[in-house]
Asker: 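After the structure tokens below, expect a handful of questions from me.
This structure is a prediction, so every number in the text was calculated from the model and none was measured.
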Amino acid sequence: MIFDFLDFLSTELLYLAFKKYGENVNIRPYIKKLFRILLMTVLYILFFLVLSCFFEFIFQTSEPVFPLFILLIITLFFHEQITWAIRNFIDRNFYRKIFTLNQSLAKFNVELNSTLDFQLIIEKFINFMKNSFNDHVWTFYYCWGEDYELFSTNRTDDEIPKLLKLPGNSDLNKILKDEIEFFSLQKLREKHIALKNAMSLLPEGEKYHYIYFLKSYKGYLGFVTFDRSFHYYIHFASINTMLLRIFKKTADVLENDFLYSEVEKKSLQNQLLVEIGKKISSSLDLNEVLESIIESINQLVNYDAGGIFLIDDKARVLRRMVTRGYDKKLLDKLSLKLDLGIYGWVIQNKTASIINDVTNDPYYYPVRNNTASQLTVPLLSGEKVLGVMALESNRINHFTPADKELLLTFAGQAVIAIENAQLYEAATQKKRLESELIIASKVQKALLPERPPDFPGLKISFLNIPSQIVGGDFYDIFRLGDSKL
């Protein structure tokens, strides 16, 4: 308890010194030295009391001369050993947090080199933060898509924004001047209006005092915030340097692993597109091909609901073709009008849409209750919109611009399948109509007389040639008596 109290006291005094004299001041060694002197004084007094009790009990004397003499001998011969033992004892307890953090940093440094899995590295970093800074308030935001998303925090209240929109890389470079350090969030807000406006949703105060921007060799990809007591680590030059090095390495590893995952995704995408192309060329069943497309997308982009909807030109509504994760009975009852919701916006503007948080989008029309974010792309054949393809997720900010480009590629495949099916349907209808016309032509010819009746003194002939398969003319010849036709 006494070490915890002294640790807390030195931390608070250190913060006050930082505030008044700058971050180069370190009063912790003076507090530790004072505590060492006090502890040695108490220890020598205890020695003296123990020796006094011993002489009084054994030799029946209360004279302080003998205990003082022995204490002097102990001091002369064993002072360095006692001082060294007390110093180690104090350091071991006074800096136990530093010792624990050093071990955690060394372990995480090894883990950073252990995998190329982007999601796994994210999980490892979050676990490192939880294990290393459990006594501090911290948040971790990652630039996922167009916004900085709250990936993890040890806060449980609802005041922390889940999404933040920060200035771009070039603007951040101007603000931070390429410096890699733990900034005071309050000072950054005071100096830069752009950053103050961007982080206006982040609460001010002691719980959000320090901020470190995760910058890789390609640019800024996230940031972490810490509470005021995090300065406990900053004044230790070795720990501060190690933290900065680990965070910088984390940013580079996250960048590399993300690029690696995108390359793998692109390779899988090309493979799936080839398979879908084969199905399109070998099958004229529209539903079969669209089912294959919606299943293939799920291998590249996780979604909780998705579907392909086509425009019914007569009813001017969207018809469900293939869906996943929706209540099909509810969709059949709903009338998805062409000017309603985000589907209508995409159709009218002929452009794709990413909604990071559907609760803040005026165009979103709820089709399912759990949806938090949505990606919608148009199915374009030239300038004509055939329908839309939509993916929905139960997690906010789930879809990225790369996902949008991916879905547009698969939408192109869907359009090819739709047009092939429509051409096949048109050819089938034409063939069916021609067959019916041929039958009608035969019926018409059967209704017309094959040859005129024989009438003495009169030669009669007739001929019918329709311009198409079936003509509209009709004639017949009748005998009305011996002398009349």
Side-chain angles (χ1 to χ4, degrees), residues 118 121-122 125 138-153 160-204 208-226 244 247-263 265-266 301 349 351-363 372-377 393 395-408:
F118 175 74
I121 282 295
I122 286 284
F125 179 66
W138 58 268
T139 61
F140 167 43
Y141 281 83
Y142 188 82
C143 186
W144 186 256
E146 299 174 348
D147 296 327
Y148 283 76
E149 181 183 339
L150 177 64
F151 266 40
S152 185
T153 179
I160 309 173
K162 293 182 173 59
L163 293 177
L164 288 173
K165 189 175 290 293
L166 266 62
N169 276 322
S170 58
D171 292 329
L172 279 178
N173 275 329
K174 293 176 183 177
I175 294 172
L176 305 177
K177 300 177 181 178
D178 286 331
E179 295 179 7
I180 305 298
E181 61 176 279
F182 294 99
F183 293 97
S184 168
L185 189 54
Q186 183 180 355
K187 290 180 180 178
L188 282 180
R189 280 171 167 161
E190 291 173 354
K191 291 181 179 179
H192 305 282
I193 300 298
L195 203 57
K196 180 180 180 180
N197 294 335
M199 291 194 166
S200 60
L201 296 176
L202 203 62
E204 295 187 16
Y208 301 91
H209 191 82
Y210 290 101
I211 184 169
Y212 177 87
F213 288 89
L214 294 166
K215 184 182 180 183
S216 72
Y217 55 90
K218 291 191 68 176
Y220 296 93
L221 48 79
F223 65 87
V224 289
T225 68
F226 295 96
L244 293 175
F247 282 141
K248 179 65 174 67
K249 184 176 179 180
T250 299
D252 290 335
V253 170
L254 285 172
E255 187 73 66
N256 288 336
D257 288 4
F258 180 77
L259 292 175
Y260 179 78
S261 67
E262 287 299 302
V263 170
K265 185 185 288 187
K266 193 70 177 178
V301 181
N349 292 275
T351 185
S353 164
I354 296 178
I355 302 177
N356 293 327
D357 186 356
V358 297
T359 59
N360 296 325
D361 193 280
Y363 290 102
S373 57
Q374 180 171 324
L375 169 60
T376 313
V377 301
S393 173
R395 193 176 72 86
I396 66 167
N397 200 43
H398 180 69
F399 302 106
T400 66
D403 296 332
K404 181 177 72 173
E405 295 301 320
L406 172 69
L407 198 63
L408 284 169

Asker: Tell me, please, which residues at least two apart from Y363 pass side chain to side chain donor-acceptor pair (under 3.5 Å).
Answerer: none
Asker: Answer whether the closest heavy-atom distance between the side chains of K177 and L172 falls below 4.5 Å.
Answerer: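 K177 vs L172: side chains apart.
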Asker: To the closest 0.5 Å, what do you measure between CG (L244) and CD (E181)?
Answerer: 8.0 Å
Asker: Within this structure, what is the CG-OG distance for the pair N356 and S393, rounded to the nearest 0.5 Å?
Answerer: 11.0 Å
Asker: For K215, is there an ion pair with E255 - N to carboxylate O distance below 4.0 angstrom?
Answerer: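 Looking at K215 together with E255, the answer is no, because their closest N to O distance does not fall below 4.0 Å.
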Asker: Could you walk me through whether L375 and L407 satisfy the side chain to side chain contact (heavy atoms under 4.5 Å, CB included) test, starting with their C-alpha distance in whole Å, then the side-chain angles of each, then the deciding distance to 0.1 Å, before giving a yes or no?
Answerer: CA-CA 9 Å; L375 169 60; L407 198 63; 3.7 Å; yes
Asker: Below 4.5 Å, heavy atoms only, C-beta onward: do E149 and K162 meet side chain to side chain?
Answerer: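 They are not in side-chain contact.
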Asker: Quick check for you: to the nearest 0.5 Å, what is the distance between H192 atom NE2 and I175 atom CD1?
Answerer: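 Atom-to-atom, H192:NE2 and I175:CD1 are 6.0 Å apart.
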Asker: Is it the case that the ring center of F182 lies less than 6.0 angstrom away from the ring center of Y212?
Answerer: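 So the answer is yes for these two rings.
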Asker: When you look at K218 and D252, which way does the salt bridge (Lys or Arg N to Asp or Glu O under 4.0 Å) test go after all the steps?
Answerer: CA-CA 8 Å; K218 291 191 68 176; D252 290 335; over 6 Å; no
Asker: Considering all heavy atoms of both residues, which atom of K404 and which atom of V377 are nearest to each other, and what is their separation?
Answerer: O-CG1, 4.3 Å
Asker: Can you list the residues that meet the side chain to side chain donor-acceptor pair (under 3.5 Å) rule with N169, with sequence neighbours excluded?
Answerer: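 With sequence neighbours excluded, N169 shows a side chain to side chain donor-acceptor pair (under 3.5 Å) to no residue whatsoever.
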Asker: Looking at side-chain heavy atoms only, is the closest gap between L188 and L176 below 4.5 Å?
Answerer: yes
Asker: Go through the steps for Y141 and T153 under the test side chain to side chain contact (heavy atoms under 4.5 Å, CB included), then give the verdict.
Answerer: CA-CA 9 Å; Y141 281 83; T153 179; over 6 Å; no
Asker: Measuring from Q186:CD to K196:NZ, what's the distance to the nearest 0.5 Å?
Answerer: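 NZ of K196 is found 10.5 Å from CD of Q186.
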Asker: Strictly below 4.0 Å, N to O, side chains only: are R395 and D357 in salt-bridge contact?
Answerer: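 Looking at R395 and D357, the cut-off is not met.
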Asker: Could you tell me the separation between the CG atom of D257 and the CD1 atom of I122, rounded to the nearest 0.5 Å?
Answerer: 9.0 Å
Asker: Can you confirm whether L185 sits close enough to H209 that some side-chain heavy atom of one is under 4.5 Å from a side-chain heavy atom of the other?
Answerer: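 Side-chain contact under 4.5 Å: no.
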Asker: What I'd like to find out is whether the side chain of S373 reaches to under 4.5 Å of the side chain of N397, using heavy atoms alone.
Answerer: no
Asker: Please work out which of the three classes, parallel, tilted or perpendicular, describes the rings of Y142 and W144, given edges at 30° and 60°.
Answerer: tilted
Asker: Working note: T139 + T225, criterion side chain to side chain donor-acceptor pair (under 3.5 Å); need CA distance, chi angles, decisive distance, verdict.
Answerer: CA-CA 5 Å; T139 61; T225 68; 2.4 Å; yes
Asker: Can you tell if the side chain of T400 reaches within under 4.5 Å of the side chain of I354, non-hydrogen atoms only?
Answerer: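 In short, these two side chains do not touch, never coming nearer than 4.5 Å.
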Asker: Of all the heavy-atom pairs spanning S261 and F118, show the shortest one and how long it is.
Answerer: OG-CB, 4.2 Å
Asker: Begin with the C-alpha distance, continue with both residues' side-chain angles, and end with the deciding distance and a verdict on side chain to side chain contact (heavy atoms under 4.5 Å, CB included) for S152 and F125.
Answerer: CA-CA 10 Å; S152 185; F125 179 66; over 6 Å; no
Asker: If you define the side chain from C-beta out and look only at heavy atoms, does anything of Y148 sit under 4.5 Å from F223?
Answerer: yes
Asker: Locate the shortest heavy-atom distance separating A352 from L408; write the atom from each residue and the value.
Answerer: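 That would be CB-CD2, 4.3 Å.
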Asker: To the nearest 0.5 Å, what is the distance between OH (Y220) and SG (C143)?
Answerer: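 SG of C143 is found 13.0 Å from OH of Y220.
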Asker: Does a side-chain N-to-carboxylate-O contact under 4.0 Å join K187 and E190?
Answerer: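 No salt bridge links K187 with E190.
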Asker: State, to 0.1 Å, how close L164 and A198 come at their nearest heavy-atom pair, and which atoms those are.
Answerer: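 Closest pair (atom of L164, atom of A198, distance): CD2-O, 3.8 Å.
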Asker: For L214 and K248: C-alpha separation, side-chain torsions, deciding distance, then whether side chain to side chain contact (heavy atoms under 4.5 Å, CB included) applies.
Answerer: CA-CA 6 Å; L214 294 166; K248 179 65 174 67; over 6 Å; no
Asker: Please check this pair: side chain of R189 against backbone of N197, looking for a donor-acceptor N/O pair closer than 3.5 Å.
Answerer: no
Asker: For S216 and A251, which heavy atoms make the closest approach, and how far apart are they?
Answerer: CB-O, 3.5 Å
Asker: Step by step, work out the ring-ring contact (aromatic ring centres under 6.0 Å, His included) result for F226 and F183.
Answerer: CA-CA 10 Å; F226 295 96; F183 293 97; over 10 Å; no
Asker: Quick check: closest heavy atoms across P203 and P161, and the distance to 0.1 Å?
Answerer: CD-CD, 4.4 Å
Asker: Can you find a heavy atom in the side chain of L221 that is under 4.5 Å from one in the side chain of L254?
Answerer: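 Yes; the side chains approach each other to less than 4.5 Å.
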Asker: What's the verdict on side chain to side chain donor-acceptor pair (under 3.5 Å) for N256 and Y217, showing C-alpha distance, side-chain angles and the deciding distance?
Answerer: CA-CA 10 Å; N256 288 336; Y217 55 90; 2.4 Å; yes
